[in-house]
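All chains are named by letter (A, B, ...) in the order of the sequence lines, taking the proteins before the strands, and each is independently numbered beginning at 1.
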Protein chains: 2
Amino acid sequence: MPVTLADIARELGVSKMTISRAINNHPLINTETRERVLEVARRMNYQPNQYARALATNRSYLIGIVVPDLMNLYFAEVARSIEAVARPAGFQLLICSTEEDPTRELDEVEILLQRTDGLIISSVLPPTETKAYRKMIKDGAKIVLVDRTMKNLRCPAVATDNVEVGRLATEHLISLGHRRVGHLRGDASSVSTERLEGYKQSLAKNKLRLDGSLVRACGLLESEGYEAMRLWLKEPDVPEAIFAVNDPTAVGAMKAMEEAGLRAGRDIAIVGAGNIHYGDMLRVPLTTVSWSRGEMGQQAAHMLIHQIESGSPVKSKQIILPPELIVRSSCGVKPTAKIRSSVRLEGHAMKR
Amino acid sequence: MPVTLADIARELGVSKMTISRAINNHPLINTETRERVLEVARRMNYQPNQYARALATNRSYLIGIVVPDLMNLYFAEVARSIEAVARPAGFQLLICSTEEDPTRELDEVEILLQRTDGLIISSVLPPTETKAYRKMIKDGAKIVLVDRTMKNLRCPAVATDNVEVGRLATEHLISLGHRRVGHLRGDASSVSTERLEGYKQSLAKNKLRLDGSLVRACGLLESEGYEAMRLWLKEPDVPEAIFAVNDPTAVGAMKAMEEAGLRAGRDIAIVGAGNIHYGDMLRVPLTTVSWSRGEMGQQAAHMLIHQIESGSPVKSKQIILPPELIVRSSCGVKPTAKIRSSVRLEGHAMKR
DNA sequence: TTGCTGGGAGTTACCGGTAACAAATAGTCT
DNA sequence: AGACTATTTGTTACCGGTAACTCCCAGCAA
């Protein structure tokens with residue numbers, strides 16, 4: 001039914017190859033012939049068959065994106081910035097959400113590798129589980145990790161310094177005078193692990209004892225932060241300040257607080273990470289640690305496209321974006337707090 | 001490099017066809033042979049080449065999704081619910097964001113049709129611009145419209161009753177005693193047009209004059225709502241209540257109000273539409289009109305998949321989801337307000 | 001024994017492009 | 001004129017699957 005190269009060739013009385021050359025702007029073709037072909041192609045509304053092209057060239061011009069959660073605006077923003085780079089380069093995006101499920105991630109990746117030129121993955125695997133990816137990369141898979149990286153995996157990656165994220169958040173809470181600083185520590189992913197590490201470092205540096213009861217595991221989803229906090233609030237000795245592993249869990253935790261009649265920033269200080277959109281518009285504007293999601297997506301896209309276009313140089317460049325603290329009011333900031341260099345004060349925190 | 005059917009065939013000393021049959025669970029194959037083939041395939045880590053399969057069968061098991069804005073959680077939720085249906089059915093998602101740009105939409109759709117089995121589109125075209133889609137559908141394209149439909153286009157669709165959305169929002173504001181009820185009316189899309197119609201109907205029904213200065217056009221993005229409101233606030237005679245065409249613009253407008261030292265729900269009442277995630281966690285919880293995004297995505301996915309699997313029955317079924325008002329506090333609701341049937345009271349609006 | 005039946009495997013052609021090489025044509029050089 | 005070159009077009013084979021058809025052979029009835 002659809003028009004093929006052969007149809008146009010017949011119409012013009014030339015060979016398929018001539019048409020193919022014209023369509024692809026091949027240098028070895030008469031300019032005049034090309035014009036004529038393109039004219040007819042347009043008239044017949046020719047659309048190249050992407051399957052056939054991909055089969056012949058082994059290039060699909062598709063980039064696969066694997067994110068943990070589409071409903072997390074953080075990843076929506078990363079995806080959008082990838083698209084901003086990929087589109088002009090002629091690539092389209094195949095997006096998958098793993099819902100923070102490692103098994104699902106591996107399944108999806110396996111399938112996506114078959115139909116894309118390369119993948120940008122924000123992995124939810126534990127950072128030590130590199131076996132599967134190691135094998136894929138050895139077999140020629142083009143992969144770039146974003147946001148969540150894996151130690152010991154020779155693979156290009158863009159992320160932030162998550163230990164520093166943990167330190168910035170925790171030290172800010174400590175600097176505000178809190179002594180019982182707790183942590184909603186997420187899961188076993190690299191991100192969670194590193195932020196936890198930063199949290200520990202800060203406690204140590206300030207001679208605060210790391211009390212097991214101060215740390216609670218939860219997932220990385222808002223609902224999980226909510227649930228963890230809801231349970232925590234039923235116990236005695238809830239910490240006076242909390243560093244939540246990311247913004248969605250922080251939001252969830254704040255919801256739980258509200259339901260318990262508590263107010264973030266007044267009764268319990270809380271700091272998130274990721275600087276999601278809407279964070280500054282929340283009931284209690286969320287103090288958070290931020291780095292550029294746009295930069296993240298763009299860099300990842302550039303690295304992947306470069307890798308695709310240039311064969312496979314396997315330069316495993318790792319880009320680390322610097323995090324900065326954004327002080328709003330969920331941390332209950334006092335105007336007298338000492339503000340360090342990587343801190344930005346915003347909106348409501350200014351009120352005195 | 002990757003393993004092909006031929007490789008396995010050679011290994012086993014049989015023909016490609018036998019392998020193909022085994023892989024696809026073809027009925028005309030000896031069960032024992034199949035076992036043997038599958039065993040070897042697994043051992044060799046065979047992954048079928050999707051391009052080749054798609055070329056031969058003209059089926060890609062890809063569904064294209066075209067949404068106006070990935071950063072709008074509304075669409076993220078629709079996309080997620082589409083995925084929830086499509087995945088188990090063996091389909092993957094190719095997602096495109098048009099950034100509310102009609103030209104871009106047509107470009108993308110053209111390309112996506114070439115590499116997918118069907119499209120789910122939330123169109124940003126003016127509702128009368130049906131020519132392009134009409135042609136594609138005639139040529140066999142399988143398309144389902146979601147959220148934003150087009151009049152006079154024989155095509156399955158899922159949407160809400162947007163005239164009713166406009167009425168619910170506007171009448172609520174009127175019922176609260178406001179007389180100068182304004183409208184941020186979005187763009188020329190079907191959604192905006194119909195909500196505007198609902199707004200007009202409500203004014204008429206309540207014997208209120210439709211004053212041109214009460215209606216302001218803006219896009220559908222948060223940034224555009226912000227900008228429109230910012231300018232509006234510089235003029236005299238800003239309305240005392242505003243129905244914003246959707247939640248993002250309402251949020252943008254609230255930002256502009258805050259910057260001007262005004263507070264939504266106290267100085268200016270505002271109602272949005274769409275019930276985005278976070279709407280209830282905002283500084284001023286957003287009163288909005290809601291319908292099920294999950295239902296929307298699921299129904300659309302079902303209709304498209306049915307259409308794909310069954311050839312093309314072209315039943316242009318249109319599903320309309322009922323909207324309901326969700327009262328929070330951005331409308332400045334007074335506890336005495338009469339509440340009608342399709343209204344839900346939430347959280348802060350309950351305080352008295 | 002012959003002929004028929006049907007399950008199971010093989011053959012061939014094709015899906016719609018592209019790479020690599022061959023061929024034709026025109027123009028140039030000696 | 002003959003050989004050579006450059007430019008443009010055509011031929012052939014192949015990418016990795018699948019549909020449709022053919023073929024083979026065991027089992028069984030006549």
Next on the checklist: For D:dC14 and B:Tyr51 - does any side-chain N or O of the residue sit under 4.0 Å from the phosphate oxygens OP1/OP2?
Outcome noted: no

Checklist entry - So which nucleotide from D:dT18, D:dG10, C:dG16 ends up closest to the side chain of A:Ala52? => result C:dG16

Checklist entry - Hey, is the side chain of A:Arg53 poking within less than 4.0 Å of OP1 or OP2 on C:dG16, counting only N and O atoms? => result no

Checklist entry - Could you state the CD-C1' distance from B:Gln114 to C:dG17, rounded to the nearest angstrom? => result 13 Å

Checklist entry - Separation of B:Leu12 atom CG from C:dA9 atom P, in whole Å? => result 12 Å

Next on the checklist: If you compare every side-chain N and O of B:Thr18 against the phosphate oxygens of C:dG10 (OP1, OP2), does one of them come in below 4.0 Å?
Outcome noted: yes

Checklist entry - Which of the following nucleotides, D:dC15, C:dT18, C:dG10, is nearest to the side chain of B:Met17? => result C:dG10

Checklist entry - What integer distance in Å separates A:Lys16:NZ from D:dG10:C1'? => result 12 Å

Item to check | Length of the CG-P vector between A:Leu28 and C:dA22, whole Å | outcome: 16 Å

Next on the checklist: Does the Lys NZ or Arg CZ of A:Arg42 fall within the cation-pi geometry relative to A:Tyr46 - under 6.0 Å from the ring centre and within 45° of the axis?
Outcome noted: no

Checklist outcome for this item: When A:Pro2 and B:Ser15 are each assigned the nearest nucleotide of DNA chain C, the 5'-most assignment goes to B:Ser15

Item to check | Value in whole Å for how far the P atom of D:dA6 lies from CD1 of A:Ile29 | outcome: 20 Å

Next on the checklist: Is it true that B:Tyr74 and B:Asp69 share a donor-acceptor pair across their side chains at a distance under 3.5 Å?
Outcome noted: no

Checklist entry - What pair of heavy atoms forms the shortest contact from A:Asn152 to A:Arg134, and how long is it? => result O-NH2, 3.1 Å

Checklist entry - Nearest to the side chain of A:Asn49 - D:dG16, C:dT11, C:dG16? => result C:dG16

Checklist entry - Under the 6.0 Å and 45° cation-pi test, does B:Arg53 pair with B:Tyr51? => result no

Checklist entry - How many Å lie between NE2 on B:His26 and P on C:dG8, as a whole number? => result 11 Å

Checklist entry - To the nearest angstrom, how far is B:Asn24 atom CG from D:dA19 atom C1'? => result 12 Å

Checklist entry - Of all the choices, C:dA9, C:dG10, C:dG17, which nucleotide is nearest to the side chain of B:Thr33 once you look at every atom? => result C:dA9

Item to check | Length of the line joining A:Arg21:CZ and C:dG17:C1', which is rounded to integer Å | outcome: 13 Å

Checklist entry - Which nucleotide sits closest to the side chain of B:Val14: C:dG17, C:dG10, D:dG16? => result C:dG10

Next on the checklist: Counting only side-chain nitrogens and oxygens, does A:Thr4 get under 4.0 Å of the OP1 or OP2 atom of C:dG16?
Outcome noted: no

Next on the checklist: Main chain of B:Asn72, side chain of B:Glu77: is a donor-acceptor contact present, judged purely on distance under 3.5 Å?
Outcome noted: no

